[in-house]
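Below is one structure, written out as structure tokens; the observations come after it.
It should be emphasised that the depicted structure is a prediction, and the values quoted were computed from it without experimental measurement. Atoms within a ligand are numbered from 1 in the order they appear, just like the ligands themselves.
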Amino acid sequence: MKKILLIATGGTIASMPTESGLAPGLCSRELLETVPELAHVCDIDTLQLFNLDSTNMCHVQWLEIAKTIREKYEQYDGFLITHGTDTMAYGAAVLSYLIQKSPKPVVLTGAQRSISQRDTDARENLLNAFIYAADDGAQGVHIVFDGKVIEGTRATKTRTKSYSAFSSMDYPEVAVVRGGRVLHYICKPKADGPVFYESLDPRVFVLKLTPGIQPGIFDYLADTYRAVIIESFGVGGIPVYDSEAFADKIQMLTERDTKVIIKTQVAHEGSDMEVYRVGFTIKQRFNLLEAYDMTTEAAFAKTMWALGNSTDDAGFRALFTQAVGADKVS
Ligand code: ASP
């Protein structure tokens, strides 16, 4: 039997009712006890790393998870992280950049309803996630949720309440787990890693443009952040209202070596700044990086990783434009 390490971090899956709403309370052992079928799937060791609502998780905890996996990599055939769903897509993307080319699976799962509720999806998700983690064809970082296996760089939480919380954005689900079996839709040769990274720079801001937005916001961002991801209109439009104020601000950011990355705020099909003059001119003038059809979570995670592992602009650009997992770079 495969040996899998369960790393528990909290989330709804481990939550119990309190006077002020659901809060993580169950430990990893208690989670496992609710799914006795797991005894036939794999050998499981457990580690309770945190017990947090994932609203309270950020780069600090994801670095800690990656460090734990690095330290224990040789001892296990795979890793399963139980995680709150609210920031799970960010966590999956960050782990995809911190743990690259892993021939062993790193699986994230959670639940929309607490394991203590009668109509919970927690037991099913936990079972499916272990079945996937113990499968010979599994490798790399994925979310397993509601029977779907989604690339870590392609997941977005698209539903707040339904069991089908996550979608694979502009990329197929790589597998499904159905009736206790894994059906692979995308099969890749075994990865030749792993390659671990230990650094992230969290000074990344995602700015969603809204019609009439004041360009003065960039002055504050330039003082506080090292990178700004602009969620622009359509395929990549940056407004020119009655002046060149936005272009001037982007010039100011680039002169201060604050990275500017343009992505679309539209959920599907990605950016292409060269289609319209409102994107083309500004892209050419400042040689801007584009996120194309990356999710916001992946663009945010990749920027933290590229900033944290480069020393100059050329190094940052080389990392940002390098394909990792299933992200898109052109
Ligand atoms: N607030 C919870 C969390 O993200 C939601 C969940 O897990 O579904 O931790």
Side-chain angles (χ1 to χ4, degrees), residues 6-35 46-66 68-69 79-96 98 106-130 132-133 141-169 173 177 200 202 206 295-298 300-301 304:
L6 166 64
I7 301 173
T9 74
T12 292
I13 192 166
S15 286
M16 295 294 285
T18 72
E19 277 176 8
S20 43
L22 288 170
L26 298 177
C27 71
S28 49
R29 281 268 146 229
E30 290 170 306
L31 284 183
L32 289 182
E33 279 164 15
T34 66
V35 195
T46 66
L47 186 66
Q48 186 75 45
L49 216 43
F50 326 104
N51 219 352
L52 293 170
D53 190 301
S54 77
T55 295
N56 296 331
M57 288 177 75
C58 62
H59 62 285
V60 176
Q61 286 78 24
W62 296 320
L63 282 167
E64 187 70 27
I65 294 170
T68 303
I69 294 174
F79 299 86
L80 194 152
I81 302 149
T82 49
H83 195 296
T85 61
D86 292 343
T87 63
M88 190 190 295
Y90 287 96
V94 168
L95 291 174
S96 302
L98 291 178
V106 175
V107 177
L108 294 96
T109 198
Q112 289 283 66
R113 284 174 176 265
S114 156
I115 213 156
S116 63
Q117 288 173 283
R118 233 168 45 142
D119 57 348
T120 182
D121 53 337
R123 296 181 66 259
E124 185 75 10
N125 284 345
L126 208 50
L127 180 61
N128 285 342
F130 273 111
Y132 184 73
V141 180
H142 293 90
I143 288 180
V144 175
F145 210 96
D146 195 35
K148 302 177 204 163
V149 182
I150 302 174
E151 276 278 354
T153 52
R154 285 288 174 173
T156 293
K157 185 172 181 182
T158 47
R159 288 186 175 77
T160 55
K161 295 176 184 170
S162 311
Y163 290 166
S164 179
F166 291 93
S167 300
S168 185
M169 306 301 282
E173 290 151 19
V177 187
L200 295 169
V206 179
T295 61
T296 299
E297 294 88 337
F300 177 73
M304 289 203 292

Task: N/O separation below 3.5 Å, D86 to ligand 1 - done: yes
Open item on the list: Students should be able to answer this: which protein heavy-atom is nearest to atom 6 (C) of ligand 1, and at what distance?
Closed with: T12 OG1, 2.7 Å
Open item on the list: Is there a polar contact between ligand 1 and K157, counting only N or O atoms under 3.5 Å apart?
Closed with: no
Open item on the list: Using a 4.0 Å cut-off to any heavy atom of D53, which atoms of ligand 1 qualify?
Closed with: 1 (N), 2 (C), 3 (C), 4 (O), 9 (O)
Open item on the list: Rounded to the nearest 0.5 Å, what separates atom OG1 in T120 from atom CG in L126?
Closed with: 9.5 Å
Open item on the list: For a 4.5 angstrom cut-off between non-hydrogen side-chain atoms, does D119 reach Y163?
Closed with: yes
Open item on the list: Which residue and atom name correspond to the protein heavy atom nearest atom 9 (O) of ligand 1, and how close is it?
Closed with: S54 N, 2.7 Å
TODO: Answer yes if the side chains of S116 and S114 hold a donor-acceptor pair under 3.5 Å, and no otherwise.
DONE: yes
TODO: Just say parallel, tilted or perpendicular for the rings of W62 and Y90, cut-offs at 30° and 60°.
DONE: parallel
Task: Atoms in ligand 1 flagged as close to A111, the criterion being non-hydrogen separation under 4.0 Å - done: 6 (C), 7 (O), 8 (O)
TODO: Starting from atom 8 (O) of ligand 1, find the nearest protein heavy-atom neighbour and note its residue, name and distance.
DONE: T85 OG1, 2.5 Å
TODO: Assess whether atom CD of E124 is packed by more than 12 heavy atoms of other residues, nucleotides or ligands within 6.0 Å.
DONE: no
- [ ] Check whether any side-chain heavy atom of F79 sits under 4.5 Å from a side-chain heavy atom of I65, and report yes or no.
- [x] no
